[in-house]
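Here the structure is laid out as structure tokens; the discussion comes afterwards.
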Amino acid sequence: MDNKNKNNDENELITERRRKLSLLREQGNAFPNHFRRSSFADELHVEYDSSDKESLEKLQISTTVAGRMMVKRVMGKASFIKIQDASGQIQVRMERDRLPDGLYQDFKKWDVGDILNITGILFKTNTNELTVLADQAEILTKSLRPLPEKFHGLADQETRYRQRYVDLIMNKESRDVFLVRTKIVSFIRTFLDSQDFMEVETPMMHSVPGGAVAKPFETHHNALDMNLFLRIAPELFLKRLVVGGFERVYEINRNFRNEGVSTQHNPEFTMLELYRAYADYEDFMTLVENLMRGISEIIHNSLTIQYQEQSIDFSKPFQRFTMEEVICKYNENIKSEDIRDLNYLTEFAEKMGIKIQANYGPGKIQAEIFDKTCESHLIAPTFICAYPTEISPLSRKNDKDPFVTDRFEFFVSGRELANGFSELNDSEDQAQRFLEQVSNASAGDEEAMSFDHDYIRALEYGLPPTAGLGIGIDRLVMLFTDSASIRDVLLFPYMRHENFD
RNA sequence: GGGCCGUUAGCUCAAUCUGGUAGAGCAGUAGACUCUUAAUCUAUUGGUUAUAGGUUCGAUUCCUAUACGGCCCA
């Protein structure tokens, strides 16, 4: 077969379907596009499922539906099929003696997976199922590849991720996850727009990577002969916009981090970042509470949700602890009076197997102890506040206690979901913090930030007191769709290269 | 990066432990059947057992490596 594709998975089932397609080509246009549907399956169900057999019979409602044939049951001179469209499925009854001459014989050769249009009259079967009694039927697109088995569907995880289109055809639960994802993102936009936030787009390619502690992907601009980095965060650009006078901005878009892949991490992931001038981190804790409750209501119609056997309650005020409080809570033998003592912390951390590097100060070690001993306990919605200045190079120092910043992270089901702080708007302090990052980088820290001269220049023009917040959209969607893996909420998750030979 | 598990027909799964050249259902093909719901009934096609080596008279099965995937850990 000359149009045989390169994939080395041709089999007799595909060959048989190619034969059927070439017969369609001989009969005329095998890929017609002249007809238009009148109704979606679900519209018909909503409108007529409650009608009884006799009244539908009297009304003689004609309709045209279109979609993929998912079920085919042939019984001699009549058959039932099911058509699946974007809204759902509807049954169709094909009768030899009702259809144009010869069409029923042709129909018997059509395969499950083919895309059809059907015109007919609505009726109810003896089992009260709304069905289209076909007067006309046409194959619009011949499907050359057999769909997975109708009862078990597509179960293989790898195929579900690599060939998401097949997963979406076969698994309603999978379609529902992505519908919920879209609904959540749409809700967030409405929520922010109604508070006069302005959605913006900032560069994806940065000449200085910044705004987060992470390893970037590198790329190269040929014409300008210049190295660029895919962004690890939009933060520094969004704050430049606040300097420029856009006092409430947000961006929902992709970040790229050159790190491992896991059930929680994909190299590209979606982040919401928002900034509001004349606000502080406490205002944004309130915003996070309201946002979480709003999403919970709109998706689950409840303030209590189930995630992986855990019950999560958003109705009560979210718990708040400082990082030092929560470290003491889950490490009963740590002495709170020594919690900033470098030697004490080093000894304590090494005993629990944390590798301490030479440039670690007490703040960094606290954060390591927190990650190892506290994070997984934070099941109920919890804010952890007062992050060490040492690990928060873009956050405003606390007025009373400069060891920590006015920063929080938000945890649910043992995972970090959001990170917010009062922004550091003292350009001289920011320049000093960048210098510390640069010195960490030269000490071998691959994730340390670079010195961003233009960002300092922007701060020198004056950034008003501002609060900032980042929320990982993928993890948020995981929580509200009860998904165990980030791959389940990404339409096309990262996969290693498939070998087609 | 480390550990454990997996990869058999288009799909969902057997057979592997205890080595003797692979079975079923669905899908396909041919036939029967005008209210099915995983429709039913009869017959039947379809496999380089992920890839490459090794052990053996003989490997889907045992061993090694590789690729890809899943889960856990860093």
Side-chain angles (χ1 to χ4, degrees), chain A residues 5 7-21 23 53 56-57 68-84 89-99 104-105 107-114 120 122-134 142-164 166-167 169-171 215 258-265 308 349 352-357 368 371-372 375-376 414 446-447 483-488 493-501:
Chain A
N5 67 29
N7 295 0
N8 199 14
D9 62 350
E10 289 278 333
N11 60 52
E12 61 174 22
L13 298 177
I14 295 176
T15 305
E16 177 63 24
R17 288 179 177 220
R18 284 196 194 281
R19 193 180 60 75
K20 290 175 178 176
L21 174 59
L23 287 173
K53 196 173 167 71
L56 263 185
E57 172 84 41
R68 194 180 294 274
M69 177 161 61
M70 298 302 289
V71 169
K72 185 185 177 204
R73 296 185 196 105
V74 177
M75 291 157 298
K77 300 180 187 65
S79 302
F80 285 102
I81 63 177
K82 277 190 178 156
I83 295 291
Q84 175 170 292
Q89 296 192 347
I90 181 116
Q91 182 166 263
V92 175
R93 181 173 166 88
M94 307 282 279
E95 291 183 358
R96 187 191 67 182
D97 298 339
R98 190 180 173 95
L99 290 164
Y104 191 75
Q105 283 310 113
F107 154 75
K108 285 209 218 172
K109 302 288 179 197
W110 297 354
D111 293 296
V112 168
D114 290 349
L122 288 175
F123 81 108
K124 286 287 189 79
T125 64
N126 294 343
T127 52
N128 206 37
E129 180 166 351
L130 186 69
T131 303
V132 178
L133 182 56
K142 180 71 199 166
S143 172
L144 294 178
R145 288 178 178 267
L147 288 175
E149 196 234 6
K150 62 192 165 195
F151 186 61
H152 299 91
L154 178 63
D156 184 71
Q157 284 285 45
E158 186 173 351
T159 311
R160 289 187 53 212
Y161 296 146
R162 284 194 196 278
Q163 296 176 245
R164 183 66 90 184
V166 181
D167 180 42
I169 292 169
M170 297 305 296
N171 296 322
K215 274 182 250 174
N258 204 341
E259 292 161 4
V261 175
S262 78
T263 51
Q264 315 290 315
H265 299 88
Q308 309 284 299
M352 62 177 64
I354 295 171
K355 270 192 168 175
I356 304 296
Q357 289 170 22
E368 292 286 325
D371 283 353
K372 198 171 172 87
E375 196 171 319
S376 62
E446 286 181 291
E447 295 185 333
S483 301
S485 170
I486 196 171
R487 293 183 157 190
D488 296 324
Y494 168 78
M495 300 290 276
R496 278 177 206 273
H497 195 251
E498 189 178 5
N499 192 1
F500 281 101
D501 279 333

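A, B, ... follow the sequence lines: proteins, then strands. Residue 1 opens every chain. The basis for the numbers below is simple: all heavy atoms, side chains too, and nothing from hydrogens, waters or symmetry mates.
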[X] side chain near [N] phosphate (N/O to OP1/OP2, under 4.0 Å):
X      : N      : value
A:R487 : B:rG70 : yes
A:R73  : B:rA39 : yes
A:K82  : B:rU37 : no
A:K20  : B:rU29 : yes

At 4.0 Å (heavy atoms only), tell me whether [X] reaches a base, stays on the sugar-phosphate, or touches nothing.
X      : answer
A:K109 : sugar-phosphate
A:G153 : sugar-phosphate
A:E16  : sugar-phosphate
A:Q91  : base
A:V74  : base
A:M170 : nothing
A:K355 : nothing
A:D156 : sugar-phosphate
A:R93  : base
A:K150 : sugar-phosphate
A:T131 : nothing

Given B:rA39, B:rC35, B:rC68, the nucleotide with the shortest approach to the side chain of A:V71: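 Per side-chain heavy atoms of A:V71, the pick is B:rA39.
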A:R162, nearest nucleotide to its side chain (from B:rA39, B:rC68, B:rC71):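 Nearest to the side chain of A:R162 among the choices is B:rC68.
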Using purine N1 to pyrimidine N3 plus N6-O4 or O6-N4 for Watson-Crick, or N1-O2 and O6-N3 for G-U wobble, both under 3.5 Å, which nucleotide pairs with [N]?
N      : answer
B:rG1  : B:rC73
B:rU29 : B:rA43
B:rC68 : B:rG6

A:E498 atom CD: more than 12 heavy-atom contacts under 6.0 Å: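 Counting other residues, nucleotides and ligands, CD of A:E498 exceeds 12 neighbours.
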Atom CD of A:Q308 with >12 non-hydrogen neighbours under 6.0 angstrom: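 Check passes, neighbour count above 12.
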Value in whole Å for how far the C1' atom of B:rC68 lies from CZ of A:R160: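 These atoms are roughly 17 Å apart.
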